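First up is the structure itself, then whatever we jot down about it.
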Amino acid sequence: MACFTVGLDLGSAADFSALVVVERVFVLPPLISLNQWHRQPNIYMQDLTEEKHVRLLRRWELGTPYPSIVEDVAATMRTDMLRRQGLLYVDATGVGRAVMDIFYESHRKEHIGAFEPIAVTITGGRDANGWNIPKQDLFASIQAPLQLGTLKFADGLHMGDMLEKELTNFRLKIGPSGRESVDYSRSAGDGHGDLVSALALAMYGNNPYGRPDVIENPKTLVGGAHHV
């Protein structure tokens, strides 16, 4: 089994749209092998560390029609990796019901992942209400794993350098009232933070349909290199 959450940031006509696939895994303590885990899982259960591994990044060209993006995303969600263990979260804030209806219609014809896509509306408020989520809550879901070192990126990840740049440009700021806000600085030609927004959706979302894999700690592997 496996457990994947997928975030899709749908940009406006002047902005990029981006998709991020994140896998949730549990990592064994150092020097404990999978054979030991399978023989005595109860002994090591409390010592597992949850990590999120970024497996795939994609960005569409400016001006790509929404139906084409839906078609591409549906094809990705119907791959063997995501068909039964993936759950898609879509930022529907700016696109409205029309694009989500295209997703729902496609899902009715053939499932897009383990369950129908979930529409998320990003708000400027303080409290979440259903899938109306404050922006600072979404981006806080990235900040803590980054600081703890539990957010990992696959070796040689396509567009990984772009995501790293966007992460560097994002900041959670605390105003005089104590309220958090999101600040993003960019230069001409940069995206609008679309990869980070898609990552935030994937990190915030939960997937009750998947079962995370248990993997060996990199310190257990020969050479100690951490390949995700």
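What you are looking at is a predicted structure, and each value in this text was computed from that prediction instead of being measured.
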Matching residue for Pro67 among Val99, Ile102, Asp72 - test: side-chain contact (heavy atoms from CB on, under 4.5 Å):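 Of all the options given, the one that passes is Ile102.
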Heavy-atom neighbours of Glu110 CD exceed 12 at 6.0 Å: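 Yes - once you tally the heavy atoms of other residues, nucleotides and ligands closer than 6.0 Å, there are more than 12.
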Other residues, nucleotides, ligands: >12 heavy atoms within 6.0 Å of Arg83 CZ: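 Correct, the count exceeds 12.
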Set of side chain to side chain contact (heavy atoms under 4.5 Å, CB included) partners for Thr64, sequence neighbours left out: Trp60, Glu61, Ser68, Ile69
Validation row: [X], [Y] side chains within 4.5 angstrom (heavy atoms):
X      : Y      : value
Leu151 : Glu51  : no
Val90  : Val120 : no
Val25  : Pro212 : no
Leu19  : Val73  : yes
Leu28  : Leu48  : yes
Ile215 : Phe26  : no
Val6   : Val22  : no
Asp161 : Lys165 : no

ILVMFWY network linking Leu148 to Leu146, side-chain heavy atoms under 4.5 angstrom: no
Tyr104-Leu82 co-clustered via ILVMFWY side chain contacts under 4.5 Å: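 The answer is yes; both residues are in one hydrophobic cluster.
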Checking the side chain of [X] only, and the main-chain atoms of [Y] only, is there a donor and an acceptor separated by less than 3.5 Å?
X      : Y      : answer
Gln85  : Ala2   : no
Asp194 : Phe16  : no
Asp137 : Pro134 : no
Glu23  : His53  : no
Thr79  : Thr76  : yes
Tyr89  : Asn206 : yes

If I take atom [atom1] from residue [X] and atom [atom2] from residue [Y], how far apart are they, to the nearest 0.5 angstrom?
X     : Y      : atom1 : atom2 : answer
Leu10 : Ser197 : CG    : OG    : 11.0 Å
Arg78 : His111 : CZ    : NE2   : 9.5 Å
Asn42 : Trp37  : CG    : CH2   : 8.0 Å

Between Glu105 and His107, a side-chain donor and acceptor under 3.5 Å: no
Thr93 versus Asp91, side-chain donor and acceptor atoms under 3.5 Å: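 Side chains of Asp91 and Thr93: pair found under 3.5 Å.
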Sidechain N-carboxylate O distance under 4.0 Å for Glu50, Lys152: no
Closest non-hydrogen atom pair between [X] and [Y], with its separation:
X      : Y      : value
Ala74  : Ser106 : CB-OG, 3.8 Å
Ala119 : Trp131 : O-CB, 3.4 Å
Leu199 : Val20  : N-CG2, 3.7 Å
Leu138 : Ala200 : O-CB, 3.7 Å
Leu195 : Arg59  : CD1-NH2, 3.9 Å
Ser17  : Gly11  : OG-N, 2.9 Å

side-chain contact (heavy atoms from CB on, under 4.5 Å) between Phe4 and Leu87, worked out: CA-CA 6 Å; Phe4 298 93; Leu87 188 57; over 6 Å; no
Ring center gap for Phe115 and Tyr209 short of 6.0 angstrom: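 Here the rings of Tyr209 and Phe115 have centres that are less than 6.0 Å from each other.
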Ser33 and Arg39: CA distance, side-chain angles, deciding distance, side-chain hydrogen bond (donor to acceptor under 3.5 Å, both in side chains) verdict: CA-CA 10 Å; Ser33 69; Arg39 287 197 301 267; 5.5 Å; no
